[in-house]
Amino acid sequence: MPNRLSNKVAIITGAANGIGRTAAELFAVEGAKVVLSDIDAGGADLAKQLQQQGLDVVWQPCNISNETEVAELIEATLSQYGQLDILYNNAGSEAGDGNLVDLTTDDWERLTNNNAKGVFLMCKHAVPALLASGGGAIVSTASIAGLIGGPVLHLYSANKAAIISLTRSVAATYGRHGIRANTICPGFVHTEMVARLGEGAIKAGEKMSLLGRGAQPIEIAQTALFLASDEASFITGVHLPVDGGVTAV
Ligand SMILES: NC(=O)c1ccc[n+]([C@@H]2O[C@H](COP(=O)([O-])OP(=O)(O)OC[C@H]3O[C@@H](n4cnc5c(N)ncnc54)[C@H](O)[C@@H]3O)[C@@H](O)[C@H]2O)c1
């Protein structure tokens with residue numbers, strides 16, 4: 001039995017689909033007790049499936065933009081497992097972005113709710129629990145869109161840049177209290193999110209990659225596993241592109 005996260009309790013947001021779904025299974029197989037959360041109720045079925053495999057996971061629905069639900073997620077974690085060691089801020093969405101001149105302030109608020117505001121609320125409520133456990137690891141998910149510009153992802157890019165900065169400021173504030181905080185910046189990953197962008201965008205993304213392809217969800221989940229584990233014990237405050245080299249050139 002692999003054990004890179006044994007004795008750790010982890011929350012994964014956005015665990016019902018895509019990268020979060022893959023990470024939920026990976027973290028649990030690596031010995032973590034995992035709280036799966038999402039706005040998509042399909043996460044409950046995934047939790048049942050993983051429990052049937054003998055993995056120690058529970059399901060707690062949570063919209064990361066709703067402070068009451070975020071507080072309930074932390075409370076449910078502590079009441080189920082008694083501690084919190086890892087927060088994986090994976091949930092996010094590009095939905096509602098588009099041509100700059102057509103975007104509205106409602107679009108800005110909707111997209112920010114599902115991205116930067118959600119990560120802010122999760123960090124705000126998880127940090128006291130992490131401190132009570134003697135420290136821990138936060139892994140946030142930005143995007144290469146938070147590092148470089150590109151067409152039609154204006155609000156998403158701004159939000160992902162905010163997530164990088166917020167996670168770095170958490171690292172700066174709580175490093176001496178044993179909390180490490182790092183951000184992953186994925187390039188194109190083959191999930192529903194990328195499928196929504198359409199074939200043209202996928203082809204363009206693959207062309208930009210030095211490896212000539214997009215990532216599989218497991219390649220991002222493995223990075224999150226490393227940053228969440230004690231193997232990354234001296235890594236904090238970084239934002240790591242996992243993008244097949246898109247941002248290298
Ligand atoms: N797929 C990519 O190419 C790519 C690239 C860069 C960054 N990312 C980031 O990786 C993360 C995972 O993306 P994915 O590709 O697996 O997407 P996905 O759409 O397959 O899964 C995202 C999950 O997040 C959940 N979610 C969205 N808003 C939420 C909210 N407010 N509260 C709780 N859950 C919410 C969705 O229900 C979904 O289950 C996201 O933060 C995304 O921005 C993805």
Side-chain angles (χ1 to χ4, degrees), residues 11-26 35-47 59-70 72-73 87-97 109-122 125 138-148 150 153 155-164 166-167 183-199 201-206 208-209 213-224 227 239-244 246-247:
I11 291 174
I12 302 180
T13 65
N17 299 289
I19 298 164
R21 187 180 180 93
T22 303
E25 179 166 8
L26 179 65
V35 181
L36 280 57
S37 71
D38 203 296
I39 39 172
D40 180 347
D45 294 334
L46 174 63
W59 161 248
Q60 175 71 28
C62 174
N63 182 337
I64 58 167
S65 72
N66 181 316
E67 188 158 14
T68 305
E69 291 183 23
V70 168
E72 284 168 1
L73 171 58
L87 168 64
Y88 181 13
N89 285 315
N90 164 74
S93 173
E94 87 304 343
D97 219 331
E109 274 158 31
R110 226 180 353 257
L111 203 132
T112 301
N113 275 339
N114 289 330
N115 291 283
K117 178 179 158 189
V119 171
F120 154 62
L121 290 176
M122 285 303 308
H125 286 273
I138 295 174
V139 180
S140 296
T141 308
S143 166
I144 56 168
L147 301 173
I148 57 175
L153 286 178
L155 308 184
Y156 182 75
S157 299
N159 268 266
K160 291 305 194 181
I163 289 169
I164 293 169
L166 175 63
T167 305
T183 306
I184 298 174
C185 297
F188 266 68
V189 190
H190 290 289
T191 66
E192 283 304 308
M193 174 177 286
V194 153
R196 281 194 295 270
L197 295 176
E199 197 54 37
I202 294 173
K203 287 239 153 24
E206 288 179 344
M208 284 165 75
S209 160
R213 63 172 179 88
Q216 293 303 319
I218 189 69
E219 295 179 287
I220 310 302
Q222 293 277 17
T223 309
L227 289 173
H239 54 277
L240 179 63
V242 186
D243 64 352
V246 170
T247 53

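Computed from heavy atoms alone, side chains included, the values below leave out hydrogens, waters and symmetry copies. Predicted model, so just to flag it, every value in this text is computed and none were measured. Remember, it's 1-based here, ligands and their atoms both numbered in the order they're listed. In this chain, residues are counted from 1 in sequence order.
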Item to check | Audit row: E219, V189, side-chain contact (heavy atoms from CB on, under 4.5 Å) steps and yes/no | outcome: CA-CA 9 Å; E219 295 179 287; V189 190; over 6 Å; no
Checklist outcome for this item: The protein heavy atom nearest to atom 8 (N) of ligand 1 is Y156 OH, 3.5 Å
Item to check | Winner among D38, I202, L153 once heavy atoms are compared against atom 38 (C) of ligand 1 | outcome: D38
Next on the checklist: With a heavy-atom distance limit of 4.0 Å, tell me whether T13 approaches ligand 1 through its side chain, its backbone, both, or neither.
Outcome noted: neither
Checklist entry - Which bit of I39 is near ligand 1, meaning a heavy atom under 4.0 Å away: side chain, backbone, both or neither? => result both
Item to check | Option whose closest heavy atom lies nearest to atom 20 (O) of ligand 1, chosen from P186, A95, G18 | outcome: G18
Checklist entry - Which heavy-atom pair separates C185 from I144 by the least distance, and what is that distance? => result O-CG2, 3.8 Å
Next on the checklist: For atom 27 (C) of ligand 1, what is the closest protein heavy atom, and at what distance to 0.1 Å?
Outcome noted: G92 O, 3.7 Å
Checklist entry - For the side chain to side chain donor-acceptor pair (under 3.5 Å) test, which of N114, N115, T112 pairs with N159? => result T112
Checklist entry - ligand 1 and I64, any nitrogen or oxygen pair closer than 3.5 angstrom? => result yes
Item to check | Check: T141 N/O within less than 3.5 Å of ligand 1 N/O | outcome: no
Checklist entry - Nearest to atom 11 (C) of ligand 1, what protein heavy atom do you find, and at what distance? => result N90 O, 3.1 Å
Item to check | Distance from atom 19 (O) of ligand 1 to nearest protein heavy atom, with residue and atom | outcome: R196 NH2, 3.3 Å
Checklist entry - Short N/O distance, under 3.5 Å, between T191 and ligand 1? => result yes
Next on the checklist: Counting only heavy atoms closer than 4.0 Å, does ligand 1 sit against the backbone of P217, its side chain, both, or neither?
Outcome noted: neither
Checklist entry - Can you find an N/O atom of V189 closer than 3.5 Å to an N/O atom of ligand 1? => result yes
Item to check | Distance-only N or O hit between ligand 1 and K160, under 3.5 Å | outcome: yes
Item to check | Given L240, T223, I184, the one that forms side chain to side chain contact (heavy atoms under 4.5 Å, CB included) with V139 | outcome: I184
Checklist entry - Can you tell me the protein heavy atom closest to atom 4 (C) of ligand 1 and the distance? => result G187 O, 3.8 Å
Checklist entry - Between N115 and ligand 1, is there a nitrogen or oxygen pair with a distance under 3.5 Å? => result no
Checklist entry - Against heavy atoms of G14, which atoms of ligand 1 measure under 4.0 Å? => result 23 (C), 24 (O), 25 (C)
Next on the checklist: Looking only at protein heavy atoms, which one is nearest to atom 33 (C) of ligand 1, and what is the separation?
Outcome noted: C62 O, 3.3 Å
Next on the checklist: One residue to check: E94. Relative to ligand 1, which of side chain, backbone, both or neither has a non-hydrogen atom less than 4.0 Å away?
Outcome noted: neither
Item to check | Min N/O separation N63 to ligand 1 under 3.5 Å | outcome: yes
Item to check | Heteroatom proximity flag, S65 to ligand 1, N/O under 3.5 Å | outcome: no
